Amino acid sequence: MPGAEDGFGPTDRIVGSIVDMAGVSRAKVLPISRLSTFVDSGAGASPSWTVFCVDDHLAFTPSFSVVGDLRLRIDGDDVRDLGNGTYWAPACLTEQDGTPSLACTRYALRRVTARLAESGLTARIGHEIEFALFDAATTEEWSAYGLNAVLTQEEFIERLLAAASTAALPIEQVHAEAGLGQFEVSLAPADPVEAADNAVLARALISRIARAQGLRASFSPMPVAGGAGNGAHQHVSFTEGDLPILSGGPGPHGLTPAGGAAVAGILRALPEFTAVLAGSALSHLRLRPGMWSGVFRCWGLENREAAVRLCADTAGNPHGANLEIKPIDPSANPYLSSAAILGAAHDGIAGALPLPDEVSVDPADLTGAVDLLPTLPSDVLGAFESSALARDLFGPLIMEALAAVKGYEHAEYREKPVDGVAQRFRYAWTS
Ligand SMILES: NC(=O)CC[C@H](N)C(=O)O
């Protein structure tokens with residue numbers, strides 16, 4: 001049992017959290033002396049946790065109601081030090097006997113990476129974390145990518161880097177984004193489950209440091225109606241055996257046939273996964289041409305309006321070639337969004353799909369020639385619910401829960417005035 005001899009104090013605590021279908025992290029806290037209980041028995045959670053909506057409404061379904069009991073379990077190897085006596089670990093949802101719950105999104109991503117491994121494929125993902133900081137100062141001295149902006153918030157950045165070092169969060173870069181008060185933090189690529197854990201951790205650290213400084217961090221897809229959106233882009237790369245599939249091949253920009261098929265698989269599946277990647281009732285406000293949110297269903301080398309931006313293998317990309325998947329926003333559960341992207345790429349590779357033509361201009365200039373991702377609730381939800389690939393990757397329970405949550409959120413909020421909805425949910429995805 002951890003105690004004073006391990007350097008822990010009597011008030012030190014361990015927080016375990018999961019991410020639900022609304023993209024909200026929900027947690028339990030135990031005294032650190034009960035760490036082994038959190039690992040071996042878990043902390044109780046009602047199955048209804050899975051159908052919490054962004055406003056805390058419970059979208060009950062036949063499988064998720066008031067009856068039953070699940071566990072949040074952590075792994076001792078995943079524990080990170082957040083400072084001030086708080087330790088954190090990503091949790092999995094299990095049944096009481098410890099078997100994985102079929103509603104657990106972290107297990108779902110594990111299953112997809114295992115499926116890739118059976119085909120000899122390994123994926124790595126680097127998350128981008130976008131957020132807007134709100135206070136008086138940020139609005140005064142701000143330019144997109146501005147030196148003024150990063151210097152105005154240098155104390156925040158210093159604290160964030162210190163906390164990242166303590167918590168072993170691999171931050172690669174910080175910059176001011178296009179929106180007022182908006183920043184982006186880039187995380188190093190990692191195994192997909194660890195990368196999603198890191199994205200959850202990054203959000204917790206950013207939220208916590210902001211609060212400690214009297215600021216507030218918004219991870220909303222649209223913090224202020226009419227402003228800049230927050231994305232949650234993922235940079236994905238694959239190796240087959242030891243060889244990268246996005247470089248060194250005979251295709252455009254060095255794509256191998258498998259790399260081209262991965263791009264094709266992702267593009268084919270984007271409409272059916274929009275509910276997963278950008279499925280909140282605010283997401284459509286960001287998924288528009290000109291927002292650099294990748295609403296155009298196409299790919300292109302360094303094309304920032306394409307849903308899939310190819311970053312080729314050059315000296316400027318030290319981690320090698322990768323695909324930046326841009327439509328994803330911070331309302332997405334990162335385990336499910338990664339599972340969707342990797343599963344779609346795998347499906348493309350398995351089917352040896354041909355690479356579609358590259359779009360090497362602003363797709364908006366091709367007036368109507370490039371499809372947009374769906375944004376009408378009926379299209380977004382209909383495509384998801386009828387997706388055989390989603391059912392195959394996620395299983396029926398996650399499908400049922402996600403459809404219920406997104407269905408409720410759209411029915412409840414899509415017709416309401418956007419200013420009020422954006423304001424109400426500005427901090428809904430803050431940890
Ligand atoms: N530089 C960028 O790619 C901006 C991304 C944009 N904020 C988004 O919503 O996705």
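Just so you know, these numbers come straight off a predicted model, no measurement behind them. We count ligands from 1, going down the list as the structure has it; atoms in each ligand are counted the same way. Along the sequence shown, the residues carry numbers beginning at 1.
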Please state which part of Asn230 comes within less than 4.0 Å of ligand 1, counting heavy atoms only: side chain, backbone, both or neither. backbone
Examine the proximity of ligand 1 to His233 and report which part, side chain or backbone, both or neither, has a heavy atom under 4.0 Å away. side chain
For ligand 1, which is the ligand I care about here, please tell me if Glu184 has any N or O atom under 3.5 Å from one of the ligand's N or O atoms. no
Please determine whether any non-hydrogen atom of Ser293 lies less than 4.0 Å from an atom of ligand 1. yes
Return yes when Arg304 approaches ligand 1 closer than 4.0 angstrom through a heavy atom, no otherwise. no
[atom] [closest protein heavy-atom partner, distance rounded to 0.1 Å]:
atom: atom 1 (N) of ligand 1; value: Glu177 OE2, 3.0 Å
atom: atom 4 (C) of ligand 1; value: Glu130 OE2, 3.5 Å
atom: atom 3 (O) of ligand 1; value: Lys326 NZ, 3.2 Å
atom: atom 8 (C) of ligand 1; value: Arg286 NE, 3.4 Å

Would you call Asp392-Arg115 a salt bridge at under 4.0 Å N-O? yes
Salt bridge check, Arg106 against Asp197: does any charged N sit closer than 4.0 Å to a carboxylate O? yes
Partner set under side chain to side chain donor-acceptor pair (under 3.5 Å) for His127, not counting sequence neighbours: none
For a quick test of reading the model, state the closest non-hydrogen atom pair linking Ala278 to Ser283 and the distance between them. O-CB, 3.0 Å
Measure up the Tyr408 and His57 rings against each other and bin them: parallel (under 30°), tilted (30 to 60°), perpendicular (over 60°). parallel
If the cut-off is 4.0 Å to any non-hydrogen atom of Tyr145, which atoms of ligand 1 fall inside it? 1 (N)
Per-atom contacts of ligand 1 with Gly231, taking only distances under 4.0 Å to non-hydrogen atoms: 8 (C), 9 (O), 10 (O)
My understanding is that only residues two or more places apart in sequence, or in another chain, count here; which of them pass salt bridge (charged side-chain N to carboxylate O under 4.0 Å, His left out) with Arg268? Asp347
Would you check, one step at a time, whether the test side-chain hydrogen bond (donor to acceptor under 3.5 Å, both in side chains) holds for Ser280 with Glu409? CA-CA 7 Å; Ser280 79; Glu409 291 181 0; 5.8 Å; no
Are His175 and Phe183 near enough that their ring centres are under 6.0 Å apart? no
